[in-house]
Amino acid sequence: MWNAIISGHFRNGDWNDVVDVFKHMLEVGEPFDQITLVSVVTACGRIGDAKLGEWIGRYAEENGMMGNRNLVTALVDMYAKCGELAKARRLFDGLQLKDVVAWSAMISGYTQADQCQEALALFSRMQATKLEPNDVTMVSVLSACAVLGALETGKWVHSYVRRKHLPLTVVLGTALVDFYAKCGCIDSAVEVFKSMPVKNSWTWTALIKGMASNGRGREALELFSSMREAKCEPTDVTFIGVLLACSHSGLVEEGRWHFNSMTQDYGIQPTMAVWWIFWGGLV
DNA sequence: GTAGGGTTAG
């Protein structure tokens with residue numbers, strides 16, 4: 001029953017509630033099992049609770065639970081998200097049978113820690129094992145390619161996605177759009193965008209920012225109005241793209257208008273990045 | 001009816 005409650009919070013993304021329920025269980029001496037620990041340690045990674053995460057890591061080692069691949073993978077993910085890449089890698093290397101989830105967790109760990117070269121190096125090693133990457137693996141690989149400007153590798157990933165008929169999920173599609181836009185291939189970014197069956201705010205934002213950073217401010221603003229017609233809610237990052245578009249294209253009046261609309265119509269408070277763009281080009 | 005990995009920021 002406790003696991004079911006924790007699972008509910010987990011699926012809702014309420015990581016703090018997951019941790020709170022577990023701490024309550026410890027306080028009242030409620031028994032838990034490995035399934036409990038998998039959820040809790042994953043939540044620890046999401047909220048950066050390294051203290052509890054490491055406590056669970058020690059508990060799992062001392063109680064002979066390291067044969068549980070789900071638990072070890074969750075620990076790899078937690079250590080990586082808490083910035084403990086070496087600890088994550090040690091556990092990952094110790095996994096006797098690494099499946100696609102374990103590989104994806106370690107690759108995404110490097111990408112999220114800004115160690116994109118390491119991420120691609122690990123991806124090469126994964127390919128050498130003949131284990132097939134899936135759509136989730138490719139999201140992290142594309143993110144690393146985008147940061148490094150590794151155009152050829154990213155293009156290869158795109159062709160792999162098509163060849164193997166990996167599902168063009170909203171997250172994978174967004175990663176492709178972002179990758180092409182960051183490499184300056186706006187036409188390819190638009191092509192992927194158009195081919196996506198489902199788009200969300202992140203997808204629109206990736207293309208708007210891509211247009212803006214490639215000097216196509218007017219088209220970025222047109223995309224922003226299409227986004228609203230599509231009833232897709234803009235986020236604070238969307239407005240970074242919109243204001244960047246105005247700033248780069250010298251559309252000062254429109255930029256000020258969007259800035260006001262952001263706070264008044266959407267209730268989004270300007271973040272530090274927004275102030276930088278505003279004071280840099282729209283005053 | 002309970003378990004691991006993913007995308008946007010001048």
Side-chain angles (χ1 to χ4, degrees), chain A residues 1-11 18 21 32-46 65 68-78 80-81 88 91-92 95 98-112 119 122 126 133-147 166-179 181-182 189 192 196 199-210 212-213 234-248 270-282:
Chain A
M1 189 190 80
W2 287 99
N3 284 348
I5 289 171
I6 285 179
S7 168
H9 288 306
F10 191 96
R11 291 180 190 196
V18 170
V21 169
F32 57 84
D33 62 11
Q34 300 188 10
I35 294 179
T36 324
L37 295 182
V38 170
S39 301
V40 175
V41 87
T42 305
C44 287
R46 299 296 213 276
M65 296 178 172
N68 183 328
R69 186 168 61 187
N70 285 6
L71 182 52
V72 175
T73 304
L75 284 166
V76 167
D77 178 56
M78 181 277 297
K81 285 191 169 63
L91 287 186
F92 173 79
L95 270 175
K98 302 176 179 64
D99 64 4
V100 66
V101 178
W103 281 98
S104 302
M106 195 65 236
I107 292 171
S108 85
Y110 282 123
T111 303
Q112 289 170 26
L122 198 62
M126 179 185 181
N134 64 14
D135 55 317
V136 178
T137 322
M138 292 315 203
V139 169
S140 297
V141 173
L142 284 166
S143 173
C145 291
V147 170
L166 297 190
L168 189 63
T169 62
V170 63
V171 180
L172 178 57
T174 302
L176 274 167
V177 168
D178 182 58
F179 157 74
K182 284 200 174 125
V192 172
M196 288 172 63
K199 307 169 180 70
N200 66 13
S201 298
W202 290 48
T203 320
W204 285 94
T205 300
L207 193 57
I208 289 170
K209 281 193 335 89
S213 358
T235 68
D236 54 336
V237 185
T238 314
F239 278 100
I240 289 177
V242 169
L243 295 176
L244 194 56
C246 299
S247 171
H248 282 185
T271 57
M272 196 55 82
V274 165
W275 284 117
W276 276 108
I277 301 168
F278 191 76
W279 294 112
L282 297 176

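All values below were derived from every heavy atom in this structure, side-chain atoms included, with hydrogens, water molecules and symmetry-related copies excluded.
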Check the pair A:Ser201 / A:Thr235 against side-chain hydrogen bond (donor to acceptor under 3.5 Å, both in side chains), numbers first and verdict last. CA-CA 7 Å; A:Ser201 298; A:Thr235 68; over 6 Å; no
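- Residue A:Ser247 is out of contact with every strand shown, counting any heavy-atom pair closer than 4.0 Å.
- Using a 4.0 Å heavy-atom distance criterion, A:Val41 is classed as making no nucleic acid contact.
- Within 4.0 Å (heavy atoms only), A:Leu244 reaches sugar-phosphate atoms of the nucleic acid but no base atom.
- With sequence neighbours left out, A:Trp202 forms a ring-ring contact (aromatic ring centres under 6.0 Å, His included) with no residue at all.
- Here A:Thr137 lies in heavy-atom contact (under 4.0 Å) with a base.
- Across all strands, A:Lys199 comes closer than 4.0 Å to no nucleic acid atom at all (heavy-atom distances).
- A:His9 places no side-chain N or O within donor-acceptor distance of the main-chain N or O of A:Val18, the cut-off being under 3.5 Å.
- Contact of the A:Leu122 side chain with the A:Tyr110 side chain is registered, since non-hydrogen atoms from C-beta on lie closer than 4.5 Å.
- Among the protein residues, A:Lys81 comes within range of the sugar-phosphate backbone only, with heavy atoms under 4.0 Å from sugar or phosphate atoms but none that close to a base.
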For residues 136-144 of chain A, tabulate all N or O donor-acceptor pairs below 3.5 Å that involve a side-chain atom, not counting sequence neighbours.
unit_1, atom_1, unit_2, atom_2, d
A:Thr137, OG1, A:Ser104, OG, 2.9
A:Thr137, OG1, A:Asn134, N, 3.1
A:Thr137, OG1, A:Asn134, OD1, 3.0

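- Protein chain A contacts DNA chain B from B:dT2 to B:dG10, reading 5' to 3' and using non-hydrogen atoms of the protein with a distance under 4.0 Å.
- Base contact: A:Thr205 has a heavy atom under 4.0 Å from a base atom.
- At least one side-chain heavy atom of A:Asp77 sits under 4.5 Å from a side-chain heavy atom of A:Arg46.
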